[in-house]
Amino acid sequence: MKHVVNIACGNKHSIILTKNDEVNAWELNNSEQAGNSTYRLPITPKLILSNVGCISCGDNFTMAVTRNGKVYGWGSNDVAN
């Protein structure tokens, strides 16, 4: 069981932030927005990153800020300027 404190949803993926500061992801992973190169994740959340304080999702990407201030982003980068 995971104690969820936040959830964010993209177009075809979702992530949760747990009480233990862990990011978990699931669903379609067509742009690696769920944090790995597996095209389809299981329907149960999979651990992606730890020590996280803040999460957010876009259409095909995911962002997270760790407790020590590092910013991580993964997924589609097809509109970067």
Side-chain angles (χ1 to χ4, degrees):
M1 286 274 300
K2 298 180 186 303
H3 182 115
V4 177
V5 296
N6 199 358
I7 187 167
C9 302
N11 184 27
K12 296 179 181 174
H13 74 293
S14 300
I15 60 173
I16 58 173
L17 180 62
T18 69
K19 183 178 178 179
N20 296 333
D21 299 337
E22 296 176 335
V23 174
N24 293 259
W26 70 100
E27 288 302 331
L28 188 63
N29 192 36
N30 59 313
S31 297
E32 298 185 21
Q33 67 270 30
N36 64 34
S37 60
T38 303
Y39 181 70
R40 194 175 273 285
L41 290 174
I43 59 172
T44 55
K46 180 179 176 184
L47 178 64
I48 302 299
L49 191 62
S50 299
N51 194 33
V52 174
C54 183
I55 58 173
S56 183
C57 287
D59 190 32
N60 289 312
F61 67 92
T62 304
M63 302 292 291
V65 180
T66 64
R67 293 284 179 196
N68 58 0
K70 292 184 179 179
V71 178
Y72 290 90
W74 57 93
S76 179
N77 189 26
D78 60 350
V79 196
N81 293 324

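Treat the numbers as computed from the prediction; the structure is a model and nothing was measured.
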Q: Considering non-hydrogen atoms only, spot the tightest contact between M63 and G73 and give its length.
A: SD-CA, 3.5 Å

Q) Looking at side-chain heavy atoms only, is the closest gap between L49 and W74 below 4.5 Å? A) yes

**Q.** Listed partners of S56 passing side chain to side chain donor-acceptor pair (under 3.5 Å), at least two apart
**A.** none

(Q) Is there a path of hydrophobic side-chain contacts, each under 4.5 Å between heavy atoms, that joins Y72 and L47? (A) no

**Q.** Atom of I15, atom of I7 and distance for their closest heavy-atom approach
**A.** O-CG1, 3.2 Å

Q: Would you kindly say whether N20 and T18 are connected by a side-chain donor-acceptor distance under 3.5 Å?
A: no

Q | Residues forming a side chain to side chain donor-acceptor pair (under 3.5 Å) with N6, sequence neighbours excluded | A | none

Q | Residues that V5 engages under side-chain contact (heavy atoms from CB on, under 4.5 Å), provided they are two or more places apart | A | H3, L17, K19

Q: Measure the spacing between CG of D59 and SG of C9 and express it to the nearest 0.5 Å.
A: 12.5 Å

Q. If you look at every heavy atom in T62 and C57, which pair is closest and at what distance?
A. OG1-SG, 4.1 Å

Q. side-chain contact (heavy atoms from CB on, under 4.5 Å) with C54: which residues, sequence neighbours excluded?
A. V65

Q.
Holding to side-chain contact (heavy atoms from CB on, under 4.5 Å), I want the full list of residues that pass it with D21, two or more places apart in sequence or in another chain.
A. R67

Q. If you measure from OG on S14 to CD1 on I55, what distance do you get to the nearest 0.5 Å?
A. 10.0 Å

Q: Provide the closest heavy-atom pair for A64 versus V52 in the form atom of the first, atom of the second, distance.
A: CB-CG1, 4.0 Å

Q: Heavy atoms only: give me the nearest G58-H13 pair and the separation to one decimal.
A: O-CE1, 3.6 Å

